[in-house]
There are 2 protein chains.
Amino acid sequence: MATIKQVAQHAGVSVATVSRVLNDKGYVHEDTRKAVLKAIEELQYNPNSVARSLFKKSSNTIGLLIPDITNPFFPQLVRAVEDVMYPKGYTTILFNSDENIQHELDYLKGMTSKYIDGVIVVSNTLKWEHLEPLTVPVIALDRHIDDRIASVTIDNYESSFKALEFLVERGCRKIAHLAGPAHVFTSSERLRAYKDFTQKHGLEEMIQEGSYELQSGMLNTMQLLTKYQQVDAIFAGNDVMAIGALKAAAKLGISVPKELSVMGFDGVEWGTAVTPELTTMQQPIYQIGQKAAEMLLKRLETPGLSPEHVRLNAELTVRQSTK
Amino acid sequence: MATIKQVAQHAGVSVATVSRVLNDKGYVHEDTRKAVLKAIEELQYNPNSVARSLFKKSSNTIGLLIPDITNPFFPQLVRAVEDVMYPKGYTTILFNSDENIQHELDYLKGMTSKYIDGVIVVSNTLKWEHLEPLTVPVIALDRHIDDRIASVTIDNYESSFKALEFLVERGCRKIAHLAGPAHVFTSSERLRAYKDFTQKHGLEEMIQEGSYELQSGMLNTMQLLTKYQQVDAIFAGNDVMAIGALKAAAKLGISVPKELSVMGFDGVEWGTAVTPELTTMQQPIYQIGQKAAEMLLKRLETPGLSPEHVRLNAELTVRQSTK
DNA sequence: TTGTACGCGTTATCAT
DNA sequence: ATGATAACGCGTACAA
C-alpha cells in the first residue's frame with residue numbers, strides 16, 4: 001500500500017500538492033497535476049480511509065440497527081438502505097440486536113468511537129435518553145421512538161382497521177386476532193385496532209397472542225380454532241403468523257378461504273410462495289428503507305434539521321386467502 | 001468525546017500511563033491505575049477506534065461479500081458469521097454484489113483502504129487474480145474459487161445424486177430437472193449430477209433452465225409439464241424454484257406428492273411454510289457460516305496458514321412433497 | 001502555485 | 001513505575 005508521501009516523492013512534489021489534486025482543492029498547475037496523477041497511477045495509490053477518518057472525524061459509514069436479519073421483513077429493508085447509501089459513498093454496517101437492549105447499547109457505544117456518521121434504528125426498547133447522547137443524526141424506522149427523533153413509520157392502526165373492514169365486507173363476522181408479542185410496538189397497535197374495531201362493530205373479541213414466528217402462528221391458530229369454534233376469519237399480526245395459520249388450517253382440513261379467511265400484515269415475499277397466496281396489508285418495505293436512508297442522507301449533508309416524521313401507507317393486497 | 005489526553009490531564013499522569021492501564025501493558029502502580037480508572041469513569045472516556053486502527057493497521061472489521069441478502073439463503077449465513085465474529089470483537093460489514101464483478105472489485109478496493117482484517121466471499125465471478133492482491137485472509141464460501149483460497153462448501157454433486165436416488169427409490173422414473181442459472185457454480189454442479197444420474201440409470205433427460213426465483217420456478221415448471229407430459233418428479237436446483245414448482249402444480253390441479261414429487265435443494269425456512277412442506281436436500285446453512293467465520297478467525301490469529309478446504313454434507317430432509 | 005509543519009487520537013519505544 | 005516523543009497517513013493553515 002503506497003502512501004501519499006511516496007506518491008509525493010515519486011512525483012517530485014510535496015504531500016500537500018498531492019492532497020490538493022486528490023481533493024480538487026486549491027490551485028495546482030496543470031503540469032504538476034498530471035505528474036501527480038501519473039505517480040498515483042504508477043504506484044496504484046489508494047487514499048487511506050482510516051487516516052482520512054481520523055482527521056475528518058467522519059468515516060462515511062452509517063449503522064443500521066435491526067432486531068434480526070433472519071426475520072423476512074428485514075432483508076428488503078436492508079437492501080433498500082444500502083442501495084441508496086452506497087452510491088453516495090457511504091458504507092452500511094448492519095447490527096442484529098435480537099431486541100436485546102444490552103446489545104443495542106453496546107453497538108451504539110461502538111459507533112461513536114468509530115466515527116459512524118449516522119444511524120438508522122429499528123427498536124422497541126431504545127428510548128430518547130439512549131439516543132440523545134449520540135452526536136450524529138438518528139432515524140427511527142418502523143417504530144416511532146420520540147418526537148425529537150426523526151422517524152419513518154406506517155399507519156399500523158388505520159391499516160389494521162382497513163384490513164378488518166375488508167373482512168367484514170366479504171361477509172366475515174367471527175373475526176379472531178392472532179396477535180404478535182405485546183412488547184412490540186407495531187403489534188400492539190394492530191391489536192388496539194382490532195379491539196376498537198370489534199367494539200365499534202359489536203363483534204366478539206377473540207384474541208390469541210403469540211410470537212412473530214411460523215410455529216407460533218400455527219400452534220396458536222390450532223388453539224384459537226379449538227377454543228372458538230365458529231371463527232370465520234383470522235387477522236394475523238404479521239405475515240409469518242398468517243402463514244402459520246394457513247398451515248394450521250390445512251392440517252385441520254379447514255378450507256381457506258371457503259371456510260376460513262386469513263389476512264396477513266407486512267407483505268413479505270413468503271406470502272406469494274404459499275397456496276393459497278396470502279391476502280395481506282402490504283407495507284412498502286423497500287420504500288420505507290429508501291425513505292429512511294434518504295432522510296438520513298439529508299441530515300448528513302445539512303445537520304441540525306428538525307425531526308421529520310414520515311408516515312407511509314400500507315396497502316391492501318387481495319390474493320387468495322380471503323373470500 | 002473525551003480523548004486519552006484529557007484523561008491523562010484529569011488524572012494527573014501522562015498519556016502513556018493511561019494507555020498502559022487501558023491495555024494492561026507494562027508496569028503501573030496500583031494507586032495511579034485507580035486514579036486513571038476514576039478519570040476514565042468520570043470523563044466517560046471511550047478509546048477512539050479510528051486512531052487505534054490507524055496505528056495498528058487493523059480495524060477489527062471483516063467484510064462479508066454476498067450476492068444478495070434478499071435471497072432467502074443468505075440471512076442465516078450472515079447471522080452465523082456475525083454471531084461468531086462479534087463476541088470476538090469483530091464487526092462485520094455486509095456487501096451485496098448482485099453478482100456484479102465491478103461492484104465486487106469496488107468493494108474489495110475499499111476494504112484495503114479501511115484496514116479490513118479479513119474477507120468472506122460468496123462469488124461466482126471472483127478469481128484468484130482478483131483476490132491475490134489482498135493482503136488479508138480470504139475465505140471462499142459456498143463456491144470453491146481456487147485451491148490457494150481456503151473454502152467452505154458442500155458436496156453439491158454427491159448430494160444431488162442422493163436426492164435423485166431417493167426419488168427413484170420412491171418409485172419415480174420420469175424425473176425432470178429444474179436447473180438454476182448456468183453461470184452459478186452450485187447449480188451447474190447439481191445439473192451435472194442430474195445428467196450423470198439419468199445416464200447411469202438409463203432415464204430420460206428432461207431439463208428446464210431458469211433463474212433462482214419463485215416466478216421463474218413456477219413458469220418453467222409450467223413449460224416443463226406441458227413439454228414433457230409424463231413427468232412424475234421434479235428435482236429443482238434450489239428450494240425457491242421448488243416452491244415455484246409446487247405453485248405451478250397447484251395451479252394445474254396436479255396433486256403433490258401423489259401425481260408429482262418435488263424435491264428442493266438448500267433447506268431454507270420457506271420450505272416449511274408451504275403446504276405440502278418441501279422435501280429437500282438440506283444444507284447446514286448456519287454451520288457453513290459458522291465454520292467459515294471460525295476459519296477466518298483462526299487465520300486472523302495466526303496468519304500464513306495454508307489454505308484449508310472444508311466440505312460439509314447436505315442432508316436429505318423428507319417432508320411432504322415427495323412420495 | 002507550491003511547500004512546511006502541525007494536528008487528528010492512539011500505541012510503542014526509549015529514557016529516566 | 002512513569003513520561004516524552006515518534007509514528008500511523010492524511011488534510012489544511014500558513015508561509016513562501
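Side chains included, hydrogens not; waters and symmetry mates left out as well; all remaining heavy atoms used. In what follows, every chain begins at residue 1, and chains take the letters A, B, ... in the order their sequences are listed.
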Worksheet item: Taking the side chain of B:R52 as its heavy atoms from C-beta onward, which of D:dT2, C:dT2, C:dT11 lies nearest to it?
Response: C:dT11
Worksheet item: With a 3.5 Å cut-off and no angle check, do the side chains of B:Q290 and B:D83 form a donor-acceptor pair?
Response: no
Worksheet item: Is it true that B:R299 and B:E308 have a side-chain N and a carboxylate O under 4.0 angstrom from each other?
Response: yes
Worksheet entry | Nearest listed nucleotide, side chain of A:K57, among C:dT2, D:dC10, C:dC8 | C:dC8
Response to the item:
Of C:dT2, D:dC8, D:dA1, the nucleotide closest to the side chain of B:Y115 is D:dC8
Worksheet item: Can you tell which of D:dA7, C:dT1, D:dG3 lies closest to the side chain of A:H29?
Response: C:dT1
Worksheet item: B:K25 has a side chain; which of C:dA12, C:dA5, C:dG3 sits nearest to it?
Response: C:dA12
Item to complete: Answer with base, sugar-phosphate or nothing: what part of the nucleic acid does A:S53 contact at a heavy-atom distance below 4.0 Å?
Response: nothing
Item to complete: Using a 4.0 Å heavy-atom cut-off across all strands, classify B:V50 as base, sugar-phosphate, or nothing.
Response: nothing
Response to the item:
Considering only heavy side-chain atoms of B:A51, the closest of D:dT2, D:dC10, C:dG9 is C:dG9
Worksheet entry | Sugar-phosphate only, base, or nothing, as touched by B:D31 at under 4.0 Å among non-hydrogen atoms | nothing
Worksheet item: If you measure only the distance, is there a donor-acceptor pair under 3.5 Å linking the side chains of A:N48 and B:Y115?
Response: yes
Discussion item. When you measure from the side-chain N and O atoms of B:K56 to the phosphate of D:dC8, is any distance below 4.0 Å, counting only OP1 and OP2?
Written reply: no
Discussion item. Any carboxylate oxygen within less than 4.0 angstrom of a Lys/Arg side-chain nitrogen, looking at A:K38 and A:E42?
Written reply: yes
Discussion item. Taking 4.0 Å as the cut-off, does a side-chain nitrogen or oxygen of A:Y45 come that near to OP1 or OP2 on D:dC10?
Written reply: yes
Discussion item. Within the 4.0 Å heavy-atom criterion, would you say A:S19 contacts the bases, only the backbone, or no part of the nucleic acid?
Written reply: base
Discussion item. Does a side-chain N or O of B:N48 approach OP1 or OP2 of C:dC8 to a distance below 4.0 Å, or not?
Written reply: no
Worksheet item: Side chain of A:F55: nearest nucleotide among C:dA5, C:dT2, D:dG9?
Response: D:dG9
